[in-house]
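The block underneath contains the structure these notes are about, expressed in structure tokens.
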Amino acid sequence: EIRETLNKVIDRYGIHFKPFYAPKEIDIENRIVHFSHTAPEENRCVINEDNELGEKMIGDVDIQVPFDMLHIAPPQAAPKFVRESVLANEAGWLDVDQATLRHKSSNVFGLGDVAALPTAKTGAAVRKQVPIVVDNIMSLIGGKIAENHSYNGYSSCPLVTGYGKMTLAEFDYNNNFIPDPKLKRMLVFNSAKEHWRLWMLKKYGLPYLYWNKMMKGKNV
């Protein structure tokens, strides 16, 4: 649902979408960024016929693209003290059960950006994770079993597509689109489509919920 909308946005802005390009080196002096290609062999359509980006492919492993301005988000990683602890998995994330958020071999719970969960690391994910962690910890304190297995991988990505326009990607571990029913109170009946009310939610509603509700421990 979200992909259909975003493909239209990409076409509207004339964006060159290269989802399998992994940056590996930046040549500052010559303003060239080097990429590796991570797609399966059959999907390696690297350079279009018009080649508006001025790409060059050197051998099979180096794609060079010139740039005027470069904005790159670094790879995500847990803090060093987590990566190097006995609680981390091989990839350096806190090795928790995906449903209970309890560490697989100890009475430690993890959520948010440090947890080894195959879902987007967002504030929206934390919003759903915290009540489960609290419930399980309270059960252990009360001498019971931590049996809340209800975290389904929910996360949400607000995607601003233009001034006054936004779509809201809400999904679970299986990439099912699971929009929050509360959006209907805002008269948003299809959050996979661009909507000005979603943009208002991002600009005004979400900051309020974060600072006045989530950060104060209130259930939202």
Side-chain angles (χ1 to χ4, degrees), residues 1-84 88-95 98 112-126 153-177 191-194 198-199 202:
E1 294 88 346
I2 296 294
R3 180 173 60 184
E4 180 181 349
T5 296
L6 294 184
N7 279 336
K8 294 178 181 178
V9 174
I10 287 171
D11 291 340
R12 186 169 76 222
Y13 288 115
I15 295 171
H16 297 270
F17 184 48
K18 307 284 187 175
F20 297 108
Y21 280 30
K24 61 181 181 179
E25 182 183 345
I26 301 172
D27 182 346
I28 299 295
E29 183 177 347
N30 296 304
R31 292 192 174 186
I32 294 174
V33 57
H34 296 255
F35 295 94
S36 296
H37 204 281
T38 61
E41 292 294 332
E42 62 270 18
N43 291 332
R44 290 198 172 205
C45 180
V46 177
I47 299 176
N48 297 326
E49 291 182 5
D50 54 13
N51 194 15
E52 292 183 22
L53 299 180
E55 297 177 61
K56 293 181 181 179
M57 188 166 185
I58 309 299
D60 295 328
V61 295
D62 187 27
I63 304 167
Q64 301 180 6
V65 181
F67 66 88
D68 294 313
M69 187 193 80
L70 185 65
H71 173 78
I72 291 183
Q76 289 183 318
K80 184 178 180 180
F81 75 89
V82 173
R83 296 197 307 269
E84 297 181 353
N89 62 13
E90 292 182 358
W93 303 101
L94 196 67
D95 197 16
Q98 294 181 11
D113 290 357
V114 302
L117 302 172
T119 190
K121 300 182 185 302
T122 67
V126 173
Y154 173 88
S155 191
S156 173
C157 298
L159 302 168
V160 177
T161 56
Y163 188 79
K165 297 179 182 179
M166 196 187 89
T167 183
L168 189 61
E170 297 178 278
F171 47 89
D172 60 17
Y173 282 137
N174 298 315
N175 289 326
N176 296 311
F177 181 53
S191 53
K193 303 295 184 183
E194 294 176 283
L198 290 173
W199 186 83
K202 169 70 173 175

Quick check: does any side chain N or O of [X] sit under 3.5 Å from a backbone N or O of [Y], one acting as donor and the other as acceptor?
X      : Y      : answer
Thr122 : Cys157 : no
Asn174 : Asn176 : no
Lys202 : Leu159 : no

Quick one: closest heavy-atom pair of [X] and [Y], and the distance?
X      : Y      : value
Ala125 : Ala120 : CB-O, 3.8 Å
Ile2   : Ala192 : CD1-CA, 3.6 Å
Gly153 : Thr119 : O-OG1, 2.7 Å
Phe67  : Ile32  : CE2-N, 3.3 Å

Would you indicate whether Arg12, at its atom CZ, is surrounded by more than 12 heavy atoms from other residues, nucleotides or ligands within a distance under 6.0 Å?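 Count over threshold, so yes.
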
Partner residues of Gln64 under the side chain to side chain donor-acceptor pair (under 3.5 Å) criterion, sequence neighbours left out: Asp62

Could you tell me which residues satisfy ring pair (Phe, Tyr, Trp, His ring centres under 6.0 Å) with Tyr173, sequence neighbours excluded, listed by chain and number?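 Checked Tyr173 against ring pair (Phe, Tyr, Trp, His ring centres under 6.0 Å); matches are Tyr151.
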
What distance separates [X] [atom1] from [Y] [atom2], expressed to the nearest 0.5 Å?
X      : Y     : atom1 : atom2 : value
Trp93  : Arg83 : CH2   : CZ    : 9.0 Å
Asp113 : Leu94 : CG    : CG    : 12.0 Å
Ile63  : Ile58 : CD1   : CD1   : 10.5 Å

Enumerate the residue pairs fulfilling side-chain hydrogen bond (donor to acceptor under 3.5 Å, both in side chains) with a member in residues 156-168, sequence neighbours excluded, ordered by first and then second residue.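 Non-adjacent pairs meeting side-chain hydrogen bond (donor to acceptor under 3.5 Å, both in side chains): Thr161-Glu194.
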
So His16 and Glu55, do their side chains get closer than 4.5 Å, heavy atoms only?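 A side-chain contact is absent here, since even the closest heavy-atom pair is not under 4.5 Å.
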
Evaluate the ring planes of Tyr21 and His37, with Trp represented by its six-membered ring, and classify them as parallel (under 30°), tilted (30 to 60°) or perpendicular (over 60°). perpendicular

